[in-house]
Structure formats: structure tokens, C-alpha cells
Amino acid sequence: MNLLRSLLFTLALVVITPPYSLLALATAPLPRMPRYRIISGWAHIVIGLARVVLGIRYRIEGLDSLPRRPVVFLSKHQSAWETMAFQLFLPPHVMVLKRELLWIPFFGWGLALMSPIAIDRSRGTRALKRMAELGRQRLAQGFSIIIYPEGTRVAPGRRGTYHQGGAWLAVKTGTPVVPIAHNAGLLWPKNAFVKRPGSITVQVGAPIESRGMTPEALNAKVEQWIESRMESLCPK
């Protein structure tokens, strides 16, 4: 049954994504925020299909603690689910991502129009400077920024290395950090064709003020908060 559901879900994406990408391209002349809202409609469709076809639901804890100003979200990364679902319930935000993702036909084209902070990781210090420059711009434009500090998707029950780039950006711009933990990988595993029905739990932490903190201390505090939640979200 899960195989059949996953097949139907994939076929639906194949049908929906190309025409929606054309709609996304048509938004190019619009200001950034209206463009974001229109293009993020694709994520609403995908998560809706995941609920109806795959039986994947979700619940969120802690949204009431979000400040009204833009923040830097530092989140656990387990699957593709959170990259889309966050667009439904978090305030408008942009992602820090590797620029190669923008080269993917259809998906990458739409992603490029959502004002991401695309960097070339091989450029080291220059990439950090570019991230800080674009980060300030996006925050001033009213966008929050989301970064996955482990840098890649990590399977449930495992722990990657928390890189300091996101904490560094928050300290550099004086922006609060909001940590996020979830267990999406239990139902939507990395690179897995077959998804499983069930309910995903997303836990949003209270804002952590970055002013007066070093990137190292802030990063450590975020890691401790996220991983302490993962013990119950993804018990071994």
C-alpha cells in the first residue's frame, strides 16, 4: 500500500511541477514578497498531497513564541519534507543553500525566484562574506533566514556536525536565533521513494538573543537544545 501511495504521489508531482514552474517564472517582475507567496503555493500543494495521498500529517509546538521581527531559524535536517512544510507555518523566509540547487530544471528555477542565499561552499571565507551581505539584505526586506547547521540531511537517531555558519550570521547581523527540532525523517526518509503514513512533530524553540554571544557559544546552545529534543522525537 505504501508503495502504491508513493507512486501516485510521485506521478502527481510530475504532472504539477512543470506548469507551476512556468507560473513561478511569470512572477519574476513582481516584488520579492508577493513573488515568495505565489511560488510557495507549490509547497502548499505538495504538503497537501502528502497528507491526502501519503497519509503524512504534522503537528507544531512552540509557534506562539516566535517574535514578529525576522529571525535566523536553525533547524534539524532529515528530509525534503521540512524544506517545503516550513513554508506553510513559518513566516516568510529564505534558505541558505548551495548554488548548484538552482541549476535543477523546474524546481531550481522556482527556487531561484524565492530570493535564496545561494553560496559557493568551495570559496570558504568569501562564501561567508557573501552570506552576511545577502543575509543583511534579506532581513531588511522582511525575510527570516533558515539554515540547516548540519549541512546535509541526517537520518533519525543520528547526529551530524553543527557548523557555525548560521550562528555566525546571526551574531554578525544581531538577529535572534530560533532552533527547530522535528522527526520528519521517520516518515519521509532521505532519498527514499517509499514514504510512510503517520504524524510528524515539529518543535519550535524560544528565540535566543545573539547579541553579546560568540558564534561558538550560540551554536553550542542551539545544538544542545535541538539534540535534547531529538532524544524523545527519534528515540533509539
Side-chain angles (χ1 to χ4, degrees), residues 6 10 13 43 46-47 50 56 58 72-87 90 93-108 110-112 114-132 134-135 138 144-170 177-196 200-205 215-216 218-231 233-236:
S6 299
T10 301
L13 290 187
V46 174
I47 298 304
I56 296 179
Y58 63 89
V72 174
F73 291 106
L74 295 182
S75 173
K76 193 73 176 178
H77 195 18
Q78 291 186 345
S79 76
W81 181 88
E82 61 269 16
T83 64
M84 296 175 287
F86 285 174
Q87 296 175 46
L90 293 182
H93 58 273
V94 301
M95 290 185 286
V96 175
L97 46 80
K98 54 185 180 182
R99 64 176 183 175
E100 291 86 348
L101 290 176
L102 306 184
W103 304 339
I104 301 174
F106 299 115
F107 173 80
L111 189 60
M114 293 189 75
S115 305
I117 300 174
I119 59 174
D120 181 354
R121 293 179 179 177
S122 66
R123 302 190 69 180
T125 303
R126 290 186 179 181
L128 281 177
K129 291 181 178 178
R130 180 64 173 166
M131 182 171 68
L134 291 177
R138 298 295 179 262
S144 290
I145 299 170
I146 189 161
I147 299 174
Y148 302 103
E150 291 168 289
T152 188
R153 288 171 289 181
V154 177
R158 296 187 179 181
R159 182 175 185 162
T161 299
Y162 279 64
H163 303 286
Q164 295 179 17
W168 179 86
L169 175 62
V177 162
V178 173
I180 301 177
H182 63 85
N183 56 4
L186 295 176
L187 305 182
W188 188 313
K190 176 182 177 181
N191 298 330
F193 179 80
V194 177
K195 285 82 172 174
R196 295 186 289 273
I200 293 168
T201 297
V202 180
Q203 295 184 347
V204 181
E216 294 82 3
L218 181 57
N219 193 54
K221 192 168 185 177
V222 167
E223 180 177 5
Q224 190 279 329
W225 188 94
I226 291 176
E227 292 302 327
S228 67
R229 269 63 185 179
M230 295 310 299
E231 293 175 4
L233 290 173
C234 298
K236 297 181 181 179

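Only this structure's heavy atoms are used, side chains among them; waters, hydrogens and symmetry mates stay out. Nothing here was measured: the structure is a model prediction, and the numbers come from that model.
Here the CH2-CE distance, from Trp225 to Met230, works out to 10.0 Å after rounding to the nearest 0.5 Å. Put simply, NZ on Lys98 and CH2 on Trp103 are 10.5 Å apart, with the number rounded to the nearest 0.5 Å. In this structure, OG on Ser6 lies 9.5 Å from CZ on Arg196, to the nearest 0.5 angstrom. Residue Tyr58 holds its OH atom at 6.5 Å from CH2 of Trp81, rounded to the nearest 0.5 Å. Atom OG1 of Thr152 and atom NE2 of His163 lie 9.0 Å apart (nearest 0.5 Å).
Under the salt bridge (charged side-chain N to carboxylate O under 4.0 Å, His left out) criterion, Arg159 pairs with Glu223, sequence neighbours left out. The side-chain contact (heavy atoms from CB on, under 4.5 Å) test applied to Ala112 returns Leu102, not counting sequence neighbours. Under the side chain to side chain donor-acceptor pair (under 3.5 Å) criterion, Glu82 pairs with His77, Ser79, sequence neighbours left out. Under the side-chain contact (heavy atoms from CB on, under 4.5 Å) criterion, Val96 pairs with Ile117, Ile119, Met131, Ile145, Ile147, not counting sequence neighbours. For Ile104, the side-chain contact (heavy atoms from CB on, under 4.5 Å) test picks out Leu101, Phe107, with sequence neighbours left out.
In plain terms, the two heavy atoms of Cys234 and Gly157 that are nearest each other are CB-N, 3.9 Å. The two residues Tyr162 and Glu227 make their nearest non-hydrogen contact at OH-OE2, 2.6 Å. Nearest heavy atom pair, residue Pro116 against residue Leu111, reads CD-O, 3.2 Å.
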Without placing hydrogens or testing angles, list every side-chain donor-acceptor pair under 3.5 Å for residues 179-193, not counting sequence neighbours.
| unit_1 | atom_1 | unit_2 | atom_2 | d |
| --- | --- | --- | --- | --- |
| His182 | ND1 | Ala184 | N | 3.1 |
| His182 | NE2 | Lys76 | O | 2.8 |
| Asn183 | OD1 | Thr201 | N | 2.9 |
| Asn183 | ND2 | Leu233 | O | 3.2 |
| Asn191 | OD1 | Arg153 | NH2 | 3.2 |

#### Entry: Test side chain to side chain contact (heavy atoms under 4.5 Å, CB included) applied to Val178 and Leu90, step by step
CA-CA 11 Å; Val178 173; Leu90 293 182; over 6 Å; no
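Checking side-chain atoms of Gln87 against main-chain N and O of Ala43 turns up no donor-acceptor pair under 3.5 Å.
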